[in-house]
Amino acid sequence: MISILQALSNENIGKSVSVRGWVYRSRSVGKKSFLVIRDSTGIIQAVAEEPNLTPEDFKLASSLTVESSLEVTGTVKEDKRAPGERELLISSLKVYCRNDSFPVAKDKSEDFLLDIRHLWLRSREFTSMLKIRDTVFRSFNDYFYSRGYYQVQGPMMVSTATEGGSTLFKVPFFGQEVNLTQSSQFYLETMIFSLEKVFTVAPSFRAEKSRTWRHLTEYWHAEGEAAWYGNEEMMKEEEGMMDYIISEVTKRNAEDLERAGRDTKKLSSMKSPYQRIPYSKIIDLANEIGLTLKYGDDLGMEEERAVTKRFEKPIFVTDFPVQLKSFYHRPNPENPETVLCHDLLAPEGYGEIIGGGERIWELEVLRRKIRDFGMNEEDYYWYVDLRKYGSIPHSGFGLGLDRLVTWICGLDTIKNAIPFPRTIRRTKP
RNA sequence: GCCGCCGUAGCUUAGUUGGUAGAGCACCCGGCUGUUAACCGGGCGGUCGUCGGUUCAAGUCCGACCAGCGGCGCCA
């Protein structure tokens, strides 16, 4: 038994091989049947005709429906008429499951495809996306291991919020209530005191009633936290990570990117360094483009799209005003109206994929910010404790892996960057 | 949270001023000696999202509900 990719290789021409998989297309002309078979590695056309097969087997082969599963043995032959110019002359076959009509046909709506996502995953487009997604997750881990980070895990059930309080999922917990985590950041921060550099890949949950192309209620959050790092050092680390992920994807998934309609050369050209643009300059730029933004306004969807379309590479937006960012961001000592932070915006209109920066490490500053943001210090006692015992400068980031995949694949919705998207109105399949 | 939109066969859909539903694909049967989302002929397949109302008569008009989609805000 060999893979379809292997069956198509030069050394198998003229040889008898066995492959197994699923019927991708089936057509018959006169006394010949053409079965295009797919497995995880590719597709090959198999030809069934009677001299090579018993009448029973020929009939069986001719009757196979889309996505029926089977195993075939046959001789690999070069033939200009075949897709891929190679095909398999079937000498025997074994059918595992002959289907009724497969629900996925040529006419399909976005809505219907979401209902049958469990079957739509078998499509070539989705297979390619899943392979690219695999590379993104794998290379994220590999990069941080190569940089001396440890992989750690925080809890998914938590009792404190990282961001605002209104977007938490409440879950019953032995007569009490807990929340599903929105970020593992605070837990990563606790672990830098033992491991110094840590990362995690975990789901995060947001109960925001978002209805957009780039929000999920459950998404894959890749986070890193490093002791002694400043904002600039963290940005450099992220540049290294992005370079590595993009080089791995373009190396391993060239064909998959092509199927997704993505220009591999264009992706490869987006090497770091990325521009660092202060928030105030972005406001100026937005106004040059014709948008009306004043200092203190947050960047909306329209602004982000317009701005990122002007760049060929991702950009960092830095130095946001204090009030636009969460309480834990460290104010810039040279300009306390702004914080030492960075958002990484993907080009081509895709927008924010990373948010990060330097964390407050001075106890009194953190206490004041917690008060200023109207929060209760007692709820964050353990987070505050970190600033009491051996506190150090440190920085971190959170990356939306599904957003990164959306951009790398050039998709128009984040729902197609994850096998089973969870949105405000969809929990099935 | 705000704004907009859709629901007719397994899928994609047509359906006129209200008169009891038509097609393409899929599937099944038959034909075709090389198909490329094959083609040709036939067949199967519909409580028109649900409930209620108006009417002699509702897919069509009205109301409520259910389900889902798109955009904004928020964020990764």
Side-chain angles (χ1 to χ4, degrees), chain A residues 24-36 43 45-51 62-68 77 79-85 87 89 98-116 119-120 123-124 162-164 166-167 182-185 201-223 297-305 324-326 343-346 350-356 397-407 412-415 417-418 421 423-428:
Chain A
Y24 179 65
R25 297 278 186 272
S26 97
R27 298 177 277 265
S28 78
V29 179
K31 292 288 169 232
K32 284 184 181 176
S33 280
F34 300 93
L35 295 173
V36 181
I43 61 170
Q45 173 164 286
V47 186
E49 53 185 330
E50 251 195 70
S62 306
S63 77
L64 289 178
T65 49
V66 169
E67 285 304 313
S68 292
K77 206 186 78 175
D79 194 315
K80 285 252 183 305
R81 295 169 297 187
E85 307 201 342
E87 63 186 15
L89 281 167
R98 187 193 172 281
N99 306 324
D100 291 337
S101 170
F102 193 65
V104 184
K106 71 169 184 179
D107 296 313
K108 66 246 178 192
S109 62
E110 203 47 45
D111 190 16
F112 177 64
L113 291 178
L114 282 165
D115 286 337
I116 52 154
L119 301 175
W120 178 238
S123 69
R124 300 196 84 198
T162 316
E163 315 289 344
S166 61
T167 61
Q182 299 174 304
S183 163
S184 299
Q185 178 194 322
V201 176
S204 279
F205 306 88
R206 304 267 165 114
E208 290 148 1
K209 293 188 172 174
S210 297
R211 306 191 51 79
T212 80
W213 63 275
R214 62 173 185 174
H215 285 86
L216 294 168
T217 50
E218 174 187 289
Y219 69 97
W220 284 84
H221 206 171
E223 295 173 278
D297 289 344
D298 211 348
L299 296 178
M301 190 77 78
E302 195 193 354
E303 291 82 19
E304 230 178 76
R305 278 230 137 139
L324 287 184
K325 289 288 175 185
S326 298
D343 282 1
L344 184 67
L345 308 190
Y350 278 90
E352 186 174 359
I353 54 177
I354 289 177
F397 71 93
L399 161 68
L401 285 168
D402 316 278
R403 283 192 179 176
L404 180 57
V405 172
T406 305
W407 170 59
D412 55 13
T413 169
I414 198 169
K415 287 189 220 172
I418 185 169
T423 62
I424 167 174
R425 287 198 186 126
R426 188 168 287 275
T427 53
K428 284 191 283 190

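Within every chain, numbering begins at 1; the chains are lettered A, B, ... in the order of the sequence lines, protein sequences first and strands thereafter. Every heavy atom of this structure was used, including side-chain atoms; hydrogens, water molecules and symmetry mates were not.
- Mapped onto RNA chain B by nearest heavy atom, A:R425 and A:R305 fall at different nucleotides, with A:R425 at the one closer to the 5' end.
- The CD1 atom of A:I414 sits 12 Å away from the P atom of B:A76 (whole-angstrom rounding).
- Within 4.0 Å of A:D298, counting heavy atoms only, lie sugar-phosphate atoms of the nucleic acid but no base atom.
- Between the side chain of A:S210 and the base of B:G73 there is at least one donor-acceptor pair of N/O atoms closer than 3.5 Å.
- Using a 4.0 Å heavy-atom distance criterion, A:W220 is classed as making no nucleic acid contact.
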Could you run down the sub-3.5 Å N/O contacts of the protein with nucleotides 12-14 of chain B?
unit_1, atom_1, unit_2, atom_2, d
B:U12, OP1, A:S109, OG, 2.4

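- B:U60 and B:A21: their P atoms are spaced 14 Å apart (whole Å).
- Per the geometry, CD1 belonging to A:I424 stands 7 Å off P belonging to B:G1, to the nearest Å.
- Residue contacts shown for A:K415 are limited to sugar-phosphate atoms, with no base heavy atom under 4.0 Å away.
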For nucleotides 27-33 of chain B, just jot down a letter per nucleotide in 5' to 3' order: B, S or -, based on protein non-hydrogen atoms under 4.0 Å.
-> SS---BS
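- Taking the side chain to side chain donor-acceptor pair (under 3.5 Å) definition, one finds that A:T427 meets it with nothing, sequence neighbours left out.
- If you check every strand for non-hydrogen atoms under 4.0 Å, A:Q45 touches a base.
- Atom name P, nucleotides B:C39 and B:A57: the rounded distance is 46 Å, in whole Å.
- For A:E352, the side-chain contact (heavy atoms from CB on, under 4.5 Å) partners are A:R214, A:E304, A:D343, A:L345, A:R403, not counting sequence neighbours.
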For RNA chain B, the dot-bracket notation using Watson-Crick and G-U wobble pairs below 3.5 Å, [ ] for pseudoknot-type crossings and | for other-strand pairs, is (((((.(..((((.....[..)))).(((((.......))))).....(((((..]....)))))).)))))....
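- Remark: the separation of the P atoms in B:G15 and B:C56 is 28 Å, to the nearest Å.
- A heavy-atom distance below 4.0 Å to RNA chain B is reached by these residues of residues 399-406 of chain A, ordered by number: A:G400, A:R403.
- For the pair A:E208 CD and B:C74 P, the interatomic distance rounds to 10 Å; values are reported in whole Å.
- Base contact: A:E87 has a heavy atom under 4.0 Å from a base atom.
- Across all strands shown, A:A82 has heavy atoms under 4.0 Å from base atoms, whether or not it also approaches the sugar-phosphate.
- For A:W213, taking side-chain heavy atoms from C-beta onward, the closest of the listed nucleotides B:G34, B:C72, B:C75 is B:C72.
- Taking the P atom of each, B:C66 and B:G24 are spaced 38 Å apart, rounded to whole Å.
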